[in-house]
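One structure below.
In this chain, numbering begins with 1 at the start of the sequence shown. All values reported here derive from a predicted model rather than from experimental measurement. Keep in mind that the numbers below use all heavy atoms, side chains included, and drop hydrogens, waters and symmetry copies. Each ligand, and each atom within it, is numbered from 1 in the order the structure gives.
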Amino acid sequence: MSQRTFTIVKPDSVEKGNFGKIMARLEGEGFKVLAIRKLQLSTRQAEGFYAVHKERPFFPDLVKYMTSGPVFVAALERADAVPHLRSVMGATDPAKADAGTIRKELGESIERNAIHGSDSPENAAIEINFFFPTSELF
Ligand code: GDP
């Protein structure tokens with residue numbers, strides 16, 4: 001079943017010139033890019049996007065990192081998009097991620113871990129909607 005998910009190519013990846021490599025990998029995995037935009041998140045946007053983590057001790061650092069430089073946000077589609085993206089990304093901590101995953105290959109630390117991917121279809125819809133109106137999804 002075709003499904004949508006949402007990704008962020010995080011500031012560490014953009015800074016290191018890994019955007020193209022990550023998009024090529026995602027296209028190679030069969031993801032269609034429905035919409036994509038480059039932007040620098042404001043503190044308010046990052047706090048809103050990661051609101052579920054606001055009580056976590058790492059929240060201030062996470063917001064600082066996510067606003068530290070430009071990112072690419074994108075809406076993606078393929079069969080089983082949510083679980084498939086999570087498996088291509090690998091575990092949150094790159095040190096614990098499986099070989100061949102994006103986070104293992106390109107992540108630096110549990111914080112600077114290269115890429116975001118939605119954790120459920122429900123959150124994917126919320127996250128896509130956070131950045132893109134329906135009229136911009138093709
Ligand atoms: P994800 O779904 O794999 O991205 O992981 P989470 O939703 O649990 O965390 C969101 C993001 O917060 C992660 O991708 C990391 O960038 C960051 N993060 C998660 N856990 C930690 C942590 O223990 N320390 C720090 N500094 N950042 C973390």
Notebook entry, point to check: Is Val88 reachable from Leu76 through a run of hydrophobic residues whose side-chain heavy atoms are each under 4.5 Å from the next?
Noted result: yes
Notebook entry, point to check: Any idea which atoms of ligand 1 are less than 4.0 Å away from a heavy-atom of Tyr50?
Noted result: 10 (C)
Check: Any heavy atom of Arg103 sitting closer than 4.0 Å to ligand 1?
Finding: yes
Notebook entry, point to check: Hey, are the side chains of Phe31 and His84 touching, using non-hydrogen atoms and a 4.5 Å cut-off?
Noted result: yes
Check: What distance separates Phe59 CZ from His53 NE2, expressed to the nearest 0.5 Å?
Finding: 9.0 Å
Next item on the list: Among all protein heavy atoms, pick the one closest to atom 15 (C) of ligand 1 and tell me residue, atom and distance.
Entry: Ile110 O, 3.1 Å
Notebook entry, point to check: What is the nearest protein non-hydrogen atom to atom 10 (C) of ligand 1, stated with its residue, atom name and distance?
Noted result: His53 NE2, 3.5 Å
Check: Taking N or O atoms only and a 3.5 Å limit, does Glu111 qualify as a polar contact for ligand 1?
Finding: yes
Check: Would you say Tyr65 has any N or O atom under 3.5 Å from an N or O of ligand 1, going by distance alone?
Finding: no
Item checked: Non-hydrogen atom of Met89 closer than 4.0 Å to ligand 1 -> no
Next item on the list: Determine, using heavy atoms of Arg112 and all atoms of ligand 1, whether some pair is separated by less than 4.0 Å.
Entry: no
Margin query: Rounded at 0.5 Å granularity, tell me how far OH in Tyr65 sits from CZ in Arg112.
Written below: 6.0 Å
Check: Any ion pair linking Arg4 and Glu77 (charged N to carboxylate O, less than 4.0 Å)?
Finding: yes
Next item on the list: Note the single closest protein heavy atom to atom 28 (C) of ligand 1, along with its residue, its atom name and the distance in Å.
Entry: Phe58 CD1, 3.6 Å
Check: Would you say Phe49 and Arg44 make side-chain contact, with heavy atoms under 4.5 Å?
Finding: no
Check: Applying a strict 4.0 Å limit to heavy atoms, is Met66 in contact with ligand 1?
Finding: no
Next item on the list: Indicate yes or no: at least one non-hydrogen side-chain atom of Thr7 is less than 4.5 angstrom from one of Ile115.
Entry: yes
Item checked: For atom 3 (O) of ligand 1, closest protein heavy-atom neighbour -> Thr92 OG1, 2.6 Å
Margin query: Give me the nearest non-hydrogen protein atom to atom 17 (C) of ligand 1 as residue plus atom name, then the distance to 0.1 Å.
Written below: Leu62 CD1, 3.7 Å
Next item on the list: Return the residue, atom name and 0.1 Å-rounded distance of the protein heavy atom closest to atom 2 (O) of ligand 1.
Entry: Arg86 NH1, 2.9 Å
Notebook entry, point to check: Where the side chain of Glu29 meets the backbone of Leu85, is there a donor-acceptor pair that is under 3.5 Å apart?
Noted result: no
Next item on the list: Please determine if Lys16 and Glu108 form a salt bridge, counting it only when a charged side-chain N lies under 4.0 Å from a carboxylate O.
Entry: yes
Check: Does Phe131 offer a backbone N or O that forms a donor-acceptor pair with the side chain of Arg37 under 3.5 Å?
Finding: yes
Checklist line | Numbering as shown, the atoms of ligand 1 that approach Asn113 to under 4.0 Å (heavy-atom distance) | finding: 13 (C), 14 (O), 15 (C), 16 (O)
Notebook entry, point to check: Can you check whether Asp61 has an N/O within less than 3.5 Å of an N/O in ligand 1?
Noted result: no
